[in-house]
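Chain letters run A, B, ... following the sequence lines, proteins first and then strands; every chain starts at 1.
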Amino acid sequence: MAIPVIYNLRSVRARWTSAIVAILGIAGTVSVFVAMMSLARGFKMTLVSSGSTQNAMVRRAGSTSEIDGAVSLEQVKVLQDAPGVARSDAGPLVSAEVVVIAAFPLKSSGTDANVQVRGVSPMVLRVRDNIKIVAGRFFQPGLNELVVGNHAATSYQGLDLGDTIKFGGGAWKVVGVFDSGGGAFDSEVWADANVVNQVYHRPENVFQSVTAHLTSPGALGAFKDALTADPRMTVEVDRERDYYDKQSKTLTTLIVVLGTIVAVVMGIGAVFGALNTMYSAVAERSREIATMRALGFGAGSVVFSFLIEALLISFLGGLLGCLLVIPLNGLTTGTMNFQTFTYLAFAFRVTPELLLGGIAFALFMGLVGGVPPAIRAARQPVSVALRAL
Amino acid sequence: MVRVDGNGGAASLIHVRGLDKKYTRGGEEIHVLQGLNLDVDSGDFVAFMGPSGSGKTTLLNLLGGLDVPSAGTITVAGDEITHMSASKLTDWRARHVGFIFQMYNLIPVLTAFQNVELPLLLTKLSKSDRKKHVETALQLVGLGDRMKHYPRQLSGGQEQRVAIARAIVSDPTFLLCDEPTGDLDRKAADEIMELIGRLVQEYGKTVLMVTHDPAVAKQAQVTLHLEKGSLVDAPEGAGKP
């Protein structure tokens, strides 16, 4: 049988000042790691949740994002008749869209930040049926009216309901606020696509992307096949969710890589903290270890016992780190989305998986910091250590 | 019967022949034990005396399987321990040896009960059987009412009693005592020696003890002196009836 765990529990408690150094080191590392990962997760979830699995996003072939896309009105018409497009009494559920960037002052700092202004079709709320007008009303087609995402409304000056704001050479009235349920659209400002084209002196009847609502998520294959086989269409078709997933990759990868680098550097420090704590535990308890060995506990039992202790300490550190980071969940922050060069609001997402990942990272640090001292404990000569003071 | 001349029968409980132990310290070889012979029968109580550095503790460590000799053999109850692997030796210690140390060597974060229970965790006894054994051992050493006390809550004499309970709880083949009274005042030392004497007389335990103290050594049936790496009968010690 192994050395009883109660021995480790009480030993940690008896030497808590030493254990606390390792616990805090691991807690700090885990909290930074989980915070960074929840930032990446929040960013990704914000973008991915913008896209629907039942929507198809059509852009010019070869374009990497909407900004550099171009779809003509003729192509939009072909697309409206493609198989799989859902229809309503008002016609096919398709929104031909243009995207421009306008700078608005942030309420928090007064500095300008780029906002994505999306020209949409009047059908857009039926195409993106998860988006709801939560205040005011939808814009009237043909008028210089705006509906703004709720993050945009709360983040920027001049975008409150009823405000009139000048940009792009026109004066716009904010007539409504919409909510996309935490997606990227919440950071956008929407207007009639034709009006945006006119005000910005863009070519008429040329759009940057088209979003089509399909009869079902499974209808994408037939829709895509029909468009790619049509010689009039030189377009790229993605499921809308996949498009936003791809959009999130650059920044998500950047945050994950940076977060990992920071966590590894801090982790090395935390491992040294754990090593120090465990080596001093072994040194202080060499006589106890030797006594156990004399009583007949094997070297393996000693290694196991000290590993349990290191894992216990690191678990406490991991737990503390997770507790520290949980209040961040839902906290909204914002960053530049490098795909669109616009400001995107998103929230930290501290998920159970990330917390489990944090605990696993803590246990890993405990293991790395615990193995060498545990081996030293088992290897020290019993006859000498028995007489140690 | 205890013999140091190498003529003891193979039937003796502890059978040591030609035991050598050398250390290298600072490039110099130190011969601590040289060709030591010893035969101890079951139920014997032997005291080892000798000046500091004479090898008393080294001998005890070798007999207890805590160290390996440079040459020679040690056979205990038919098992030759000198060529056992480290893990076999560990198992052997658990079954055959009860250690009593000068500084008691109790685990400070465990209660008296838990300290005494430690050797039993290496047996197949059930929890309830372990409890019975521990209670019996602690009652035998007169600490039945101190089971939940931690070592820091006990006097030195009481700590050593707990250590004795721990040494006997698994009913080992023999007890090795390394200066068991070395850290105690005279009164506590007398009580401990009386307890060890009882273990020999009433329970037939075999005890090998290292001590500096002639008064303590007198409690043993035989006192042997370590001289120049070998054991010799002490003129004054051989024969407490």
Take a 6.0 Å sphere around [atom1] of [X] and say whether it holds more than 12 heavy atoms from other residues, nucleotides or ligands.
X: B:Tyr150; atom1: OH; answer: yes
X: B:Arg146; atom1: CZ; answer: yes
X: A:Phe272; atom1: CZ; answer: no

For a 4.5 angstrom cut-off between non-hydrogen side-chain atoms, does [X] reach [Y]?
X: A:Glu288; Y: B:Pro108; value: yes
X: A:Arg293; Y: B:Leu66; value: no
X: A:Phe297; Y: B:Arg93; value: no

What distance do [X] atom [atom1] and [Y] atom [atom2] have between them, rounded to the nearest 0.5 Å?
X: A:Ser383; Y: B:Leu62; atom1: OG; atom2: CG; value: 8.5 Å
X: B:Ile107; Y: A:Ile289; atom1: CD1; atom2: CD1; value: 9.0 Å
X: B:Asn115; Y: A:Tyr7; atom1: CG; atom2: OH; value: 10.5 Å

Practice task
Between chain A and each of B:Gln114, B:Gln102, B:Arg95, B:Lys124, count heavy-atom pairs under 4.5 Å; write down the option with the most.
Solution key: B:Gln114
Problem - chain A interface, residue from B:Asp178, B:Leu106, B:Thr57, B:Leu60 that has the most non-hydrogen pairs under 4.5 Å - result: B:Thr57
Handout entry: B:Asn61 portion near chain A, given a 4.5 angstrom heavy-atom threshold
Key =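 The side chain, not the backbone.
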Exercise for the section: Can you tell which part of B:Glu117 gets under 4.5 Å to a heavy atom of chain A, answering side chain, backbone, both or neither? Expected result: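 Contact with chain A involves no heavy atom of B:Glu117 at all.
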For [X] versus [Y], what's the shortest heavy-atom pair and its separation?
X: A:Gly296; Y: B:Thr90; result: O-CG2, 3.1 Å
X: A:Ala294; Y: B:Phe101; result: CB-CZ, 4.2 Å
X: B:Leu118; Y: A:Met292; result: CD1-SD, 4.1 Å

Exercise for the section: Report the C-alpha separation of A:Thr291 and B:Arg166 in whole Å, then their side-chain angles, then the decisive distance to 0.1 Å, and conclude whether the side chain to side chain contact (heavy atoms under 4.5 Å, CB included) test is met. Expected result: CA-CA 11 Å; A:Thr291 304; B:Arg166 180 178 66 185; 3.7 Å; yes
